[in-house]
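Everything quoted here is computed from the prediction, not taken from an experiment. Side chains included, hydrogens not; waters and symmetry mates left out as well; all remaining heavy atoms used. Residue numbers begin at 1 in each chain, while the letters A, B, ... track the order of the sequences.
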There are 2 protein chains.
Amino acid sequence: MSEQEISIGASTGADTGTNIDDLANRLFFRLYQCANIMHKTGTRALEETRITTQQWAIIGALARDGMEEGISVGDLTRFLLVSRQNLTGVLSRLEAQGLIERVVSPVDSRSRLIRLSAKGRDVWRRDMSAKIAAFYDAALEGFSTTDKIHAIHYFDKLLTNMKRLDQGSEES
Amino acid sequence: MSEQEISIGASTGADTGTNIDDLANRLFFRLYQCANIMHKTGTRALEETRITTQQWAIIGALARDGMEEGISVGDLTRFLLVSRQNLTGVLSRLEAQGLIERVVSPVDSRSRLIRLSAKGRDVWRRDMSAKIAAFYDAALEGFSTTDKIHAIHYFDKLLTNMKRLDQGSEES
DNA sequence: TTTTTAATGTCAATATCTTGACATATTATT
DNA sequence: AATAATATGTCAAGATATTGACATTAAAAA
């Protein structure tokens, strides 16, 4: 198999009848593949903790400074770019594991504040952090600081564009 | 909320007790976010066709030159970096929609060759391609050719590293 | 003040995603 | 040739992901 690329949806442009940019193709296909393997290797990196990458993202968000009182489900969905419904499911499992707490917001009784429990903080610091750091080291081997900064810049640009697309569709 | 970053699993490094590189953090969190919103906006871009991004990836792979006879499930999993079991489900739904055909491989009776049906080719050319091209244009607005090439380069590097991680875990 | 509109988080249905397991077939080893 | 190991694709179970819907609450409009 030659290194002919598809993306999530295109052939190399040699396909009759399509006018799909080959580089765009390759870029999005690479994003698709990277995401797939990130979840696989990331979850594997934390397998001793039984924390999945999606739970990792949430715990990491809650472990930040300033999150001690909690953050609403809506703010979390906007930060992580996942749906409210999906987050409900993941949060329920984290709560069942005793890693987070859900409390009614004092300013809006419809809203729930999500925060790490003491157990969740322990798991974050004692079990997860070193494994995460090791995972990053291995996955980013050969990346200089400048490389990381540039890669982040491209991700940011892509994210901004897709966010605009997302918001555009909400208005219709 | 300030632009303090987490990644899929880390705080900004200001968190006591963790030694997680902030840039690595941001990079992986951005990958996580981009993947999330790519699936959302990508599926939305094709909503008239009712083709999801995962089905898009498979159809795109099958639409390439040289795939007319078909490709094995195993080769597809290795190309898309998804699990065999997951692919089975997605392929079954594509087959049910009449977009692909599954035939027994002439060289290995355990193996199935997966190929686009005539209907699948029609959907690819008539319904999907223009929408995909438009999606790419919008999502990659502001990206020069050099930008795309550089972004792809970083994706490639990341992918290579994570693939190595993946293969390392298989040997243990 | 009352009515209308929008927001919140959860439930439901469907699709996608993983790992573990398995029957069958193929390949490698004895 | 016989046995052992590996590969193939699917089934099962559980986690994640979406959209649509909904009861309740808050904000905006009349």
Practice prompt. From the options A:Leu87, A:Asn86, A:Thr88, select the one residue that forms a side-chain contact (heavy atoms from CB on, under 4.5 Å) with A:Thr77.
Written response: A:Leu87
Practice prompt. Remember a base hit wins even if backbone is also touched, and classify B:Arg102 as base, sugar-phosphate or nothing at under 4.0 Å, heavy atoms.
Written response: sugar-phosphate
Worksheet item: More 5' along DNA chain D: B:Leu91 or A:Val90, using each one's nearest nucleotide?
Response: B:Leu91
Worksheet entry | Nearest-angstrom distance from the residue atom CG of B:Leu76 to C1' of D:dT8 | 14 Å
Discussion item. Applying a 4.0 Å non-hydrogen cut-off, can you work out what A:Thr88 is touching in the nucleic acid: base, sugar-phosphate, or nothing?
Written reply: base
Item to complete: Could you list the residues that satisfy salt bridge (Lys or Arg N to Asp or Glu O under 4.0 Å) with B:Asp137, not counting sequence neighbours?
Response: none
Practice prompt. Without swapping roles, check the side chain of A:Ser129 against the backbone of A:Trp124 for a donor-acceptor pair under 3.5 Å.
Written response: yes
Worksheet item: Should A:Ser83 be listed as having a side-chain N or O under 4.0 Å from OP1 or OP2 of D:dT19?
Response: no
Discussion item. Salt bridge check, A:Lys119 against A:Asp122: does any charged N sit closer than 4.0 Å to a carboxylate O?
Written reply: no
Practice prompt. Determine: side-chain N/O of A:Ser109 to OP1/OP2 of D:dT24, distance under 4.0 Å, yes or no.
Written response: no
Worksheet item: How long is the span from the CG atom in A:Asp21 to the CZ atom in A:Phe28, to the nearest 0.5 Å?
Response: 10.5 Å
Worksheet item: Less than 3.5 Å between a donor and an acceptor, one on the side chain of A:Arg110 and one on the base of D:dT25, is that the case here?
Response: yes
Worksheet entry | Separation of D:dT16 P from A:Ile58 CD1 (nearest whole Å) | 8 Å
Worksheet item: With a non-hydrogen cut-off below 4.0 angstrom, is A:Gln54 in contact with a base, only sugar-phosphate, or nothing?
Response: sugar-phosphate
Item to complete: Record whether the side chain of A:Arg84 comes under 3.5 Å of the base of C:dG9 through a donor-acceptor pair of N or O atoms.
Response: yes
Worksheet item: Does a nitrogen or oxygen in the side chain of B:Thr52 sit under 4.0 Å from OP1 or OP2 of D:dT18?
Response: no
Worksheet item: Closest nucleotide of DNA chain C for B:Asn86 versus for A:Asp108: which of these residues is on the 5' side?
Response: A:Asp108
Worksheet item: Which is true for B:Gly74 with a 4.0 Å heavy-atom rule: it touches a base, it touches only sugar-phosphate, or it touches nothing?
Response: sugar-phosphate
Worksheet item: NA contact type, B:Ser111, heavy-atom cut-off 4.0 Å: base, sugar-phosphate, or nothing?
Response: sugar-phosphate
Worksheet item: Would you call B:Glu48 and B:Lys131 a salt bridge, using N to O less than 4.0 angstrom?
Response: yes
Discussion item. Need to verify one output field. Residue with the more 5' nearest nucleotide on DNA chain D, A:Val107 or A:Val82?
Written reply: A:Val82
Practice prompt. Quick one: label A:Ser72 by what it contacts on the DNA or RNA (base, sugar-phosphate, nothing), any heavy atom closer than 4.0 Å.
Written response: sugar-phosphate
Fill in: Nearest-Å distance for atom pair CD/C1', residues A:Gln55 and D:dA17
14 Å
Worksheet item: In whole angstroms, how far is the P atom of D:dT16 from the CG atom of A:Asn36?
Response: 16 Å
Worksheet item: NZ of A:Lys40 versus C1' of C:dT16: gap in Å, rounded?
Response: 16 Å
Practice prompt. Please state how far atom CZ in B:Arg93 lies from atom C1' in D:dG9, giving the value in whole angstrom units.
Written response: 15 Å
Fill in: Rounded distance (Å) that lies between atom P of C:dG20 and atom CZ of A:Arg50
9 Å
Worksheet entry | Distance-only donor-acceptor test (3.5 Å): side chain B:Gln85, base D:dG9 | no
Item to complete: Using atom CD1 of B:Ile114 as one end and atom P of D:dT10 as the other, report the distance to the nearest whole Å.
Response: 7 Å
